[in-house]
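Computed from a prediction, not measured in an experiment: that's the story for all the values here.
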Amino acid sequence: MKLQKILWPTEGLCTEEKLYLHTNVIDDDFNINRDENHLKSDLNFINRSKVYMMPGGGFSLDKGGKVEFDTYFNGFSIEKWRKYTQVKEVSVNLELQGDVLVTLSSKLFLHGEVLKKELVRQEVHTTERSSYSFPFGNEEKGMLYFEVTALSDGAVLYGGYYEDTAIEKPVRQPKIGIDICTFKRERYIEKNIGLLNAHVFNNPDSPLQEHLEVFISDNGQTLDIDKLGSDKIHIVRNKNTGGAGGFTRGLMEILKNGNPHGITHALLMDDDITIDTESIEKTYTILSLLKDEYADAFIGGAMLRIDKPNIQVESGASWNAGNLISNKSNLNMNVTWDCLFNEIEEYTEFNAWWYCCFPMDVVSEENLPLPIFIRGDDLEYGLRNMKHLILMNGICVWHEPFENKYSSFLEYYIIRNRLVDNTFHFPDWGKAQLKKAVWGQWRRECKFYRYKNVDLHTRGVRDFLKGVDFFLSTDGEKLHKEIMAAGYKAVPMDQISVPFHYKTYEASRTTKLSTLHNIVRKLTLNGYLLPAKHIRIVSMAQVTFPAVWRAKKIVFYDVTANKAFECERSWGQAVAKFFQVLGLTIQIDFKYNKAKKDFLKRGNEIKNIQFWSKYLGLDKQ
């Protein structure tokens with residue numbers, strides 16, 4: 001049974017070659033001493049021979065050219081396949097032509113070192129394009145991979161796949177329902193639907209063809225359903241209740257009328273990602289071979305940067321009471337060392353919904369996500385339901401990094417949802433921690449002159465203190481419009497009162513102060529107690545206190561959208577927000593514990609299908 005295809009760099013998807021293969025070249029005059037049984041002698045590498053990629057994938061090699069597949073997409077994660085699935089006898093099946101040396105090896109990360117073990121060497125001599133299967137034996141550790149070296153000019157590697165020769169067919173019959181929530185992102189949706197149609201639904205060779213359907217919640221109600229929908233792609237218009245409302249609507253559509261589509265697993269996936277459908281196929285293959293003890297496992301996809309496609313942002317995470325821990329961040333997946341380190345299993349509590357697959361057995365009319373709009377819906381559902389999380393090299397999406405994004409209105413959702421999530425999953429987080437958080441946020445936002453953010457933050461806390469009834473009585477769509485209007489809105493740079501110079505912005509990103517100046521900065525509340533004298537243009541998402549010290553006006557600039565908003569220092573606003581937060585801390589003393597008890601006692605009232613049908617307005621249809 002095929003387990004994993006050999007993948008190639010592809011235009012329009014990912015052309016980062018080292019994610020797929022590594023090329024080394026060997027002296028044209030190298031000699032290999034060999035007897036009739038096996039090969040001996042080392043190969044000496046120099047940068048002379050070449051490897052040529054062919055249109056559509058595959059490589060031709062000059063004599064001495066070498067291609068290695070100890071990579072993110074083409075290495076084989078033997079430890080995880082053996083742990084979670086019924087895979088036992090792994091081989092690699094290659095299509096070859098010419099005179100080549102095939103070497104099978106394993107690599108293992110141990111105590112900061114990469115340990116390589118050569119397993120098999122075999123020569124192939126063929127004048128025609130032919131398939132050969134090479135077994136890895138009983139190796140159980142690290143990464144399995146192969147190398148192909150040309151013994152003469154004109155050698156060709158067309159492609160191949162890893163397989164288990166002992167498994168004839170899947171032991172399970174999963175069917176995946178992709179659940180996508182979108183809001184006015186037609187371009188992304190049309191692109192990803194096009195990929196799915198081309199590679200799955202209109203491809204008779206795809207193993208996913210009868211094992212995949214798509215459910216799209218159109219929160220913006222702007223998609224052309226007649227054009228994009230089909231018998232496998234189901235699109236519904238949905239009230240704009242954020243990611244939580246959109247993804248939950250997708251789950252409800254799968255459950256509707258007793259799950260008539262026979263979906264066994266939901267795959268929640270962001271709308272603005274770039275994805276290779278091979279990630280979905282690999283997910284399906286794992287599901288089809290799961291051991292009984294891992295039948296309830298979640299499968300997570302890592303997030304890689306869309307601007308730097310070899311850099312990983314996260315592979316699994318833990319909540320830590322709101323101080324998120326992103327596992328394996330900033331790894332360079334071009335490097336084998338990082339790929340091997342990436343396979344080490346660490347403590348995880350959830351996987352974000354840019355790519356998260358879980359069994360529909362988890363989902364029921366009484367066990368749906370919380371209606372918290374955005375920021376925390378995925379982690380809460382993971383904390384509530386996930387027992388095992390399978391993460392594997394090669395299952396990923398590319399997404400714009402969050403460091404390039406900033407939205408003022410999120411201050412409301414971040415604190416409110418943090419309180420809800422902590423109530424259910426970190427109850428020891430109490431009044432003292434909350435008061436410390438709100439005062440810390442007041443200091444931070446006042447130093448940046450973002451006084452509206454203090455309003456959003458305090459409103460988020462107050463709404464939490466209202467308990468479950470707040471969610472039962474609130475129109476999420478209407479509330480979101482109010483929250484959006486209450487924050488700072490970025491506008492095009494030509495509408496900003498400050499002349500924009502890019503060098504000024506860049507200088508702010510590297511601003512450093514001397515030790516003495518930093519001491520003075522802290523003693524003077526970031527310059528509040530000194531005369532203001534600067535106008536600063538800073539990064540909207542990555543601003544630091546030194547960059548705005550003694551500023552009288554700050555322009556927060558979004559380099560990706562070329563938009564900005566302005567904030568100006570105001571003692572009056574800072575003092576007003578001080579008393580606002582002081583009043584909030586008094587409310588916390590009287591209402592916080594009561595609100596927590598209410599959520600713990602009545603939380604199920606906002607997790608069931610009756611609530612969600614009303615919340616989404618479906619009860620009136």
Side-chain angles (χ1 to χ4, degrees), residues 4 7-10 13-22 68-81 84 107-110 112 114 142-143 145 192 267-283 286 298-320 323-357 378-379 382 386 389-405 541-542 560:
Q4 179 180 315
L7 305 181
W8 309 111
T10 305
L13 179 64
C14 179
T15 57
E16 190 73 21
E17 184 176 288
K18 290 181 180 180
L19 288 174
Y20 300 86
L21 56 108
H22 298 139
E68 300 176 303
F69 291 86
D70 53 344
T71 60
Y72 181 70
F73 283 114
N74 287 321
F76 189 82
S77 307
I78 184 61
E79 285 189 63
K80 291 183 178 178
W81 281 100
Y84 295 109
K107 283 187 176 178
L108 174 68
F109 180 91
L110 185 65
V114 174
M143 172 196 290
Y145 72 101
N192 287 327
L267 171 54
L268 276 61
M269 205 164 71
D270 274 351
D271 58 345
D272 57 345
I273 59 170
T274 295
I275 186 169
D276 189 337
T277 56
E278 295 296 338
S279 285
I280 305 172
E281 186 172 320
K282 189 171 181 178
T283 299
I286 294 170
F298 285 41
I299 298 179
M303 175 182 158
L304 276 61
R305 294 176 62 119
I306 205 163
D307 58 340
K308 300 176 183 178
N310 56 303
I311 302 299
Q312 181 170 273
V313 175
E314 180 178 296
S315 182
S318 54
W319 172 231
N320 196 30
N323 299 309
L324 288 174
I325 299 174
S326 293
N327 290 345
K328 309 298 197 314
S329 59
N330 294 318
L331 293 185
N332 180 358
M333 308 320 298
N334 280 347
V335 179
T336 303
W337 192 99
D338 282 10
C339 292
L340 294 169
F341 176 68
N342 200 45
E343 291 286 71
I344 294 174
E345 294 190 298
E346 297 184 279
Y347 178 71
T348 56
E349 292 181 320
F350 72 97
N351 198 86
W353 283 355
W354 50 64
Y355 189 104
C356 184
C357 183
D378 50 358
L379 71 90
M386 192 183 80
L389 176 62
I390 301 173
L391 299 162
M392 194 178 291
N393 282 342
I395 300 179
C396 67
V397 300
W398 287 274
H399 196 290
E400 184 179 343
F402 299 125
E403 68 198 51
N404 292 341
K405 295 183 176 183
Q542 296 177 292
T560 58

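- Residues L379 and E349 fail the side-chain proximity criterion, which asks for heavy atoms closer than 4.5 Å.
- In plain terms, the two heavy atoms of I286 and M392 that are nearest each other are CD1-CE, 3.8 Å.
- Aromatic pair F76/W81: ring centres closer than 6.0 Å.
- Panel note: side chain W353, backbone D270; no donor-acceptor pair is recorded below 3.5 Å.
- Below 30°, between 30° and 60°, or above 60°: for F73 and W398 the angle between ring planes is between 30° and 60°, a tilted geometry.
- Under a 3.5 Å cut-off, the side chain of N74 and the backbone N or O of L7 do form a donor-acceptor pair.
- Remark: the backbone N or O of V313 is not paired with any side-chain donor or acceptor of H399 at under 3.5 angstrom.
- Around atom NZ of K405, more than 12 heavy atoms belonging to other residues, nucleotides or ligands sit under 6.0 Å away.
- Between the N393 side chain and the C339 main chain, a donor and an acceptor come within less than 3.5 Å of each other.
- With hydrogens and angles ignored, the 3.5 Å screen pairs a side-chain donor or acceptor of Y355 with a backbone N or O of S279.
- Considering every non-hydrogen atom in both L304 and P309, the closest pair reads CD2-O, 3.1 Å.
- For the side-chain contact (heavy atoms from CB on, under 4.5 Å) with Y72, the qualifying choice from N334, T336, L19, N332 is L19, the only one to do so.
- Considering only heavy atoms from C-beta on, L268 stays 4.5 Å or farther from D378 through its side chain.
- Residue P401 comes nearest to M303 through the heavy atom pair CA-CE, 3.9 Å, listed as atom of the first residue, atom of the second, then distance.
- For M386 against F350, the heavy-atom pair with the smallest separation is CE-N, 3.5 Å.
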Side chain to side chain contact (heavy atoms under 4.5 Å, CB included) for S318 and L324? Distances and angles first, verdict last.
CA-CA 6 Å; S318 54; L324 288 174; over 6 Å; no
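- You'll find the side chain of T274 stays beyond 4.5 Å of the side chain of V397, heavy atoms only.
- Put simply, the side chain of C14 reaches to within 4.5 Å of the side chain of Y20, judged on heavy atoms.
- A salt bridge does not link K18 to D338: none of the charged side-chain nitrogens sits closer than 4.0 Å to a carboxylate oxygen.
- In this structure, the side chains of T15 and T10 stay at 4.5 Å or more apart for every pair of heavy atoms.
- With respect to the salt-bridge test (charged N to carboxylate O, under 4.0 angstrom), the residues E346 and K328 qualify.
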Can you check side-chain hydrogen bond (donor to acceptor under 3.5 Å, both in side chains) on N327 and E314, steps first, answer last?
CA-CA 6 Å; N327 290 345; E314 180 178 296; over 6 Å; no
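- Nearest heavy-atom pair across M269 and I275 is SD-CD1, 3.6 Å.
- Remark: the backbone N or O of G142 is paired with a side-chain donor or acceptor of E79 at under 3.5 angstrom.
- Shortest non-hydrogen contact noted between L340 and K107 is CD2-O, 3.4 Å.
- Centroid-to-centroid, the aromatic rings of F109 and F341 come within less than 6.0 Å.
- Using a cutoff of 4.0 Å between basic side-chain nitrogens and carboxylate oxygens, E343 and K80 are scored as salt-bridged.
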